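Start at 1 and go down the list; that is how both ligands and their atoms are numbered. Since this is a predicted model, take the numbers as computed values, not measurements.
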Amino acid sequence: MSALLEIEGLSVTIRRGRHESTPVRSVDLRVDAGEVAGVVGETGCGKTLTGLATLGLLPPGSVARGSVRVAGREVTTMDERTLRELRGREVAMVFQNAATAFDPVTTIGRQLTRVIGMRDRSRGGAATAAAVERLRSVGLPEPDRVMGSYPHQLSGGMLQRAMIALALSARPRLIVADEPTTALDVTVARRVRRLLLTLQQEHGFGVVFITHDLAEARDLCTSVNVLYAGTVVESGPVEQVLDGPAHPYTRALLAALPRLDAPARRLASLAGTVPRSDAAVAGCLFANRCAEAFERCRHERPRSRAVDDDRTAACHLWEEAR
Ligand code: SF4
């Protein structure tokens with residue numbers, strides 16, 4: 001089966017004047033049709049840049065290595081005109097902050113009808129009817145009123161629903177959702193997550209769900225990819241990864257999570273800091289924080305290896321155990 005999204009060895013370099021950093025060092029990611037693939041990790045681990053690379057939204061020249069294929073088409077070498085056609089039709093993004101993602105001086109209805117018109121060339125009443133239907137499908141009450149509203153006139157939850165309607169308006173096969181519920185309160189966030197899942201099950205599109213919250217990934221995702229310092233350190237089916245983590249970093253993330261179903265305990269914290277994105281590190285990027293590090297970890301970067309049928313981890317321990 002060909003993948004909806006295949007990222008192989010993606011490396012992203014950002015240049016500011018003479019300063020150069022590599023916040024994405026090596027990311028591999030695959031998403032199949034109907035899959036909800038979580039991309040989890042701390043702030044600055046390269047999650048958002050990986051999402052932006054999927055839509056060809058990185059500054060020109062910043063992809064230093066690797067490939068990004070959406071529905072079999074290489075994004076990293078696409079010209080801007082072809083990219084515009086790809087966005088919306090094949091892949092769309094739900095941004096973290098809907099308030100800044102919408103054009104503030106254009107009504108929601110006008111922004112929606114514009115995208116719908118680009119997809120099926122409908123105009124006037126037909127485009128308006130389709131836009132109202134999209135707003136209704138994301139559970140927005142009074143869609144006619146929302147059509148005439150400007151972004152600042154809607155609450156955060158309503159705006160995020162409108163953003164999902166906008167992302168789905170051209171019926172893409174893949175959605176990249178970048179921390180779409182971070183700015184919402186807990187109850188509204190849960191409703192928006194449920195909405196995304198319901199729509200995904202109805203329409204069968206694939207999702208890249210970017211989050212720093214492992215509980216959120218467990219709630220929504222079928223598979224999970226754990227990022228650390230711009231590399232994928234572990235990936236596999238969500239229950240396997242979160243119930244029996246193979247990588248010391250995933251274990252450390254889980255140990256730092258509060259649990260309501262277990263006796264109260266002091267939460268573990270991870271000492272040390274993530275290597276800077278402009279630092280040259282020869283060995284494992286996690287070695288300075290890893291309680292299980294040994295000599296080899298300091299000078300040799302571990303490669304991603306299968307730890308069972310469905311799962312991979314980038315850690316020397318797995319090789320040493322064989
Ligand atoms: Fe820890 Fe070594 Fe595995 Fe890196 S390779 S996660 S330092 S044990």
Side-chain angles (χ1 to χ4, degrees), residues 7-13 21-30 37-50 64-66 209-218 221 223-259 265-322:
I7 298 180
E8 286 177 359
L10 178 69
S11 164
V12 175
T13 297
S21 63
T22 307
V24 177
R25 297 173 200 251
S26 175
V27 166
D28 298 311
L29 182 68
R30 177 187 170 110
V39 174
V40 303
E42 297 165 275
T43 301
C45 69
K47 308 183 296 284
T48 294
L49 289 173
T50 302
R65 271 195 320 277
F209 191 80
I210 296 171
T211 179
H212 61 274
D213 183 344
L214 288 174
E216 196 173 56
R218 186 192 285 279
C221 302
S223 64
V224 69
N225 302 270
V226 181
L227 257 70
Y228 182 78
T231 64
V232 176
V233 294
E234 179 166 3
S235 67
V238 72
E239 291 88 7
Q240 286 184 35
V241 172
L242 300 188
D243 292 341
H247 194 280
Y249 176 62
T250 317
R251 285 201 280 277
L253 278 183
L254 285 161
L257 268 187
R259 291 189 50 179
R265 64 182 166 94
R266 183 181 289 274
L267 294 179
S269 65
L270 194 51
T273 54
V274 183
R276 288 170 51 128
S277 56
D278 58 357
V281 179
C284 174
L285 291 156
F286 189 54
N288 64 333
R289 307 174 84 184
C290 181
E292 298 168 66
F294 54 106
E295 180 51 29
R296 184 179 175 191
C297 307
R298 313 260 173 227
H299 56 79
E300 184 184 331
R301 181 79 50 89
R303 284 189 292 148
S304 186
R305 297 176 187 284
V307 295
D308 56 36
D309 288 350
D310 305 312
R311 209 147 45 123
T312 61
C315 174
H316 291 315
L317 287 173
W318 286 95
E319 219 177 294
E320 299 279 328
R322 277 185 187 148

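- Inspection of the Thr231 and Ser26 side chains reveals no N or O donor paired with an N or O acceptor under 3.5 Å.
- Among the atoms of Cys315, an N, O or S atom is found under 2.8 Å from atom 3 (Fe) of ligand 1.
- Close approach to His247 involves these atoms of ligand 1, each under 4.0 Å from a residue heavy atom: 6 (S).
- To the nearest 0.5 Å, atoms CZ (Phe294) and SG (Cys284) are separated by 9.5 Å.
- At the top of the distance list for atom 4 (Fe) of ligand 1, counting protein heavy atoms only, stands Cys284 SG, 2.4 Å.
- The protein non-hydrogen atom at the shortest distance from atom 5 (S) of ligand 1 is His316 N, 3.3 Å.
- Using a cut-off of 2.8 Å, one finds that Cys297 contributes an N/O/S atom close to atom 2 (Fe) of ligand 1.
- Looking at Arg25 and Tyr228, their side chains never bring a donor and an acceptor atom within 3.5 Å of each other.
- Residue contacts with ligand 1, taken as heavy atom pairs separated by less than 4.0 Å, do not involve Arg296 at all.
- For Arg301, the CZ atom counts as densely surrounded, since its 6.0 Å shell holds more than 12 non-hydrogen atoms of other residues, nucleotides or ligands.
- Using cut-offs of 30° and 60° for the angle between ring planes, the His247 and Phe286 rings count as tilted.
- Remark: ligand 1 atoms within the under-4.0 Å shell around heavy atoms of Leu317 are 8 (S).
- The CD atom of Gln240 sits 5.5 Å away from the CZ atom of Arg311 when rounded to the nearest 0.5 Å.
- The closest protein non-hydrogen atom to atom 1 (Fe) of ligand 1 is Cys290 SG, 2.4 Å.
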